[in-house]
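Heavy-atom basis, side chains included; hydrogens, waters and symmetry copies ignored. Order of the sequence lines fixes the chain letters, A, B, ..., with proteins taken first and strands second; residue numbering starts at 1 for each chain.
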There are 4 protein chains.
Amino acid sequence: MTSAFAHPGLSIIFSVPEVSVHLSAGTQLAYILSVKVTHSRVLDNESTVLAVEAVQVAPQNLMPGAAVDSLPVPELVRCLRAQIPQELHTDIHRDLTCQDVIDTALVLSLRDIFVIFKLRLVALQTAISELSPNQTTASLVGRTRMQAVVPITVSDFLATWSMPLADLLTRLHEMLSRILRIQCAGPVGIHSGDALAVRLALFTPSKSWHAMRGGLCELAGWLSLFSSSLGKIGSDISLMAQQGLDEIYLMGGGSSSAISHKKTTFVELLVALVRFNTAQLAGMCQAQVHGKEHSGAAWALERMILPIMIQTTAPGLSVRR
Amino acid sequence: MTSAFAHPGLSIIFSVPEVSVHLSAGTQLAYILSVKVTHSRVLDNESTVLAVEAVQVAPQNLMPGAAVDSLPVPELVRCLRAQIPQELHTDIHRDLTCQDVIDTALVLSLRDIFVIFKLRLVALQTAISELSPNQTTASLVGRTRMQAVVPITVSDFLATWSMPLADLLTRLHEMLSRILRIQCAGPVGIHSGDALAVRLALFTPSKSWHAMRGGLCELAGWLSLFSSSLGKIGSDISLMAQQGLDEIYLMGGGSSSAISHKKTTFVELLVALVRFNTAQLAGMCQAQVHGKEHSGAAWALERMILPIMIQTTAPGLSVRR
Amino acid sequence: MTSAFAHPGLSIIFSVPEVSVHLSAGTQLAYILSVKVTHSRVLDNESTVLAVEAVQVAPQNLMPGAAVDSLPVPELVRCLRAQIPQELHTDIHRDLTCQDVIDTALVLSLRDIFVIFKLRLVALQTAISELSPNQTTASLVGRTRMQAVVPITVSDFLATWSMPLADLLTRLHEMLSRILRIQCAGPVGIHSGDALAVRLALFTPSKSWHAMRGGLCELAGWLSLFSSSLGKIGSDISLMAQQGLDEIYLMGGGSSSAISHKKTTFVELLVALVRFNTAQLAGMCQAQVHGKEHSGAAWALERMILPIMIQTTAPGLSVRR
Amino acid sequence: MTSAFAHPGLSIIFSVPEVSVHLSAGTQLAYILSVKVTHSRVLDNESTVLAVEAVQVAPQNLMPGAAVDSLPVPELVRCLRAQIPQELHTDIHRDLTCQDVIDTALVLSLRDIFVIFKLRLVALQTAISELSPNQTTASLVGRTRMQAVVPITVSDFLATWSMPLADLLTRLHEMLSRILRIQCAGPVGIHSGDALAVRLALFTPSKSWHAMRGGLCELAGWLSLFSSSLGKIGSDISLMAQQGLDEIYLMGGGSSSAISHKKTTFVELLVALVRFNTAQLAGMCQAQVHGKEHSGAAWALERMILPIMIQTTAPGLSVRR
């Protein structure tokens, strides 16, 4: 598969390895195994714990089977069974469904990703606030509807960049309890996983959320808004850098084969990422309607889009002075 | 203009007058005048207060001017000036911009609408919980990926309908402080409106939010998720009512000219409304990037979409046993 | 129902009465009756023809029934039967389903609307070409990525506005045979309507298209592209009118309560309409998947969106020199 | 970068190597070089032709530079210059811009991809028509609004699957002349490339289409409609395979760790792909508004989405009996 991001010129720009690693097949597999081990501990199946911990599986070995099942877990269970004693074969996949382990692994990764997002948001706020004081007395032409209005201070202008970041941080906090929830059920979602949740330090919903994906949809809305906040910065810089206005001068930013002063590449990408992530948001929200206990179509859609959204939000965070 | 909702058969279904009234031109105009009066009080311009309170304006009188300006306020100011003494002409529109009064009026309407949404959400939770006890012992075929799996109880099934409503109520509460914010600035957003906010019982942001519409975007996400929660109910009922499965029997629901037992009209509309509102959500979020201090394009887009989203979320709330 | 377009300031701008009239309840009802009369002629039921032609029905009389059924036709059939002799009651709604008459009436309206769109497109091409010659020698700063590059002639610049209009005209022609198709079937789409198609001068598909809405989806794509072509014009003008660049001066365009020179209202609306129509396009295309012979959810979604798209494309067409 | 498609279980399903190869960095680079060579031939620069043909460049060598410039061409030009005599350095990138060579290379790849799409569409039509005759006498329960109506023949039912494919083939043909256009201009799009077009067997637009991307947008609409046509097949099969209806039995389709008879994986993916591709379509159409002569934001957005759409349409084409 040639990803859209495999194109020379886009792939590396969009790569924020410290975020991507948490969505990689390797990390997901590690968390899946960790959920299985922890669950065996909850059930006091020490021999299963030891057996699974000793098992060797590489993500690529799961690929062919996963392609048939559209999920890696059935093949993983086959792999595990091939490496553990016969008497543990039942315990290895007792009570937890494919979706239980995949969703819980996702949530554990999201917790790691949220830490990065939080740190970067704070760093961005700091960077903007440090720009501001030196510029207190400077003024800019305020523009509404693209038309010059009255002068505004640079500080006031920069507040428009930083104020939304404060709201994003508040929301990040608020939504944790709706997202970092254990997934633990039988095939139709009627068992509880309190003990497993405690061990994994996750929240316990009143019912498994196989067909209730509102938390992930809220996250998608947050990611889209985050992109928008960064896209506004990009759009403002593009406008201010126009020759004739010359309110800002850009350094770096990539070269062109024909025009030596075309430095707006990165800020334009911030605008592209808003449009992109907003389109993805609509896709994610279309995945909210599950038929009865679970829809494979809705779940596949969510799994196609959420990692894209996380990774296309991340690059904006590398904005530096 | 023939609205999409003016089509026979769709218009009345979608009409929830107790919600629509808050978005009508009449209500918006009343709140706009109320903001102007309150602002004059803050400035201790008692004569302006009295003059504006005595003024007579009907929404339809503003239409022709509003069509030229794309906003009703310039024409409103002309109307007011024609009816008040010359010496008050400056005070009548001092310090507040068009966008200040329009946004603040919107926020005051949203506060009223949130009360309705909250009451309806609670009523819906109650209706579902009252269904549930009588049905505790009954069981249904659990279905994942449209395929029969194991039996589940009706209570467990209904929990999938009600659990998202609890999250929606929590979020409604959380987002109030990001939405119910006074808009008060000069043309480029540098004045504060603390006193006005206190009198109107609104939150005061650290800066006017002309170009920071994240609160309204969060609301749009919430509306879309709300539609999804109702759409899932509609989708489940459609599936269960299939002849051959017959897990539910519908009463009412409209007749067909050809088929007497086609009762699924209303539940299908719930599904249509999710798809519709999710598409609108993408539009709303495209409106997040304002060029510099304010973009007329982004604002017009937001004003086109938000009222649609509110009104197409509302009908789902009339779900009754 | 308060439509988004009922807001003072937006409603009249978006109103293009010569287009809207074709989507009004009155016009739709007239075409529905015309389809019924023509169908009776095809069946040689002259007495039914005469009876239906004599009938009096106003759209508003159908509203209450239509709200229950979500379609106007069942109530219309009740109305007709109340006014015609008992012996014609069966013939009045024989062989044609609700969807048959509603879809065929829509298609007849679309044919009228296409004529307007075509005339306006040609007028817009002419207007641009008439601008061009007087300006042949003039030059503009060419800008890529918002950065000044090399001078270009005004003619070259304007070609970017007019060339897409030529493609739109070609496509309008090409898609007629996929859209202007008779809808004629029994409840599950197995009867043909060749004779009816001939009388109405519509194309005859090899099967009724109850669950195959690709033609309308293609139209939606065309409408969205049309909006984009106009939105580019609006965006260019906004950029060129910036103080500091001053490449264009605007006249008219609405006033602001605070800033006398804010003339960009209309061109910004063109940009808003692209974003809006593109969001609607995604909604329309979500309506393409019909479950089995017909999905009420998909159809309702299409009926909610298509009239909006047509009417929000139309205003752009009133662009004048 | 971890693509959404790198997840175990989704990656291989979505991989249609015969399509993906045409979008790979290697193929794009090969076409870029081929455009450069052909252009040198047009200019009668035989020594440049020979020099470029002798050059060795691997896509991965361009990556670091491309990441800075967001385009591979500036780095490619540097690479080429390092390997050819000094006196050819100007000719190697004369008259053609980065966008000229990248767009023309894309169009050459699209031509190859269209051939595959056409063959597969015809194969799918054949497969459906071969199903049909054996089943002529069989009947199915016709369902509208999920409710049983009257019996229909299997042939009639299958016509709903195949009729849209015929329209797609017609449209594929029609849109060729709007998509397979040479891109050839100076930095602001004012030179023509007739001779280059003739040698590459591409259409020549009246002006370079740097800022007029309607052809690619039309393609996106076509891809989305294609996905919908396949998604309808998937949705129908899902519905018919429900236990209790049992109108179809599935073989293969992947296993579940918990439920042995869950065979609907592939058909559900067809539904997921519609929702996904429709969301992408909105993103592509948001990329239609270019500011002045070229917008880097709009172009990046298009480059992010179009390859995704092509590749998520392709899997549906592997539907087999």
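Between C:A300 and B:A272, the shortest heavy-atom contact is CB-CB, 3.9 Å.
For a residue to count as touching a neighbouring chain, one of its non-hydrogen atoms must lie under 4.5 Å from one of that chain's; by this rule C:S295 touches chain B with backbone and side chain alike.
Each side chain to side chain donor-acceptor pair (under 3.5 Å) pair with one or both residues in residues 268-285 of chain C, not counting sequence neighbours, appears once here: A:R145-C:E268, B:Q280-C:Q280, C:S227-C:N277, C:R275-D:Q286, C:N277-C:T312, C:N277-C:T313. Sorted by first and then second residue, the salt bridge (charged side-chain N to carboxylate O under 4.0 Å, His left out) pairs involving residues 304-314 of chain B (not counting sequence neighbours) form an empty list.
B:F276 contributes atom CZ, which lies 4.0 Å from atom CD1 of C:I308 (distance to the nearest 0.5 angstrom).
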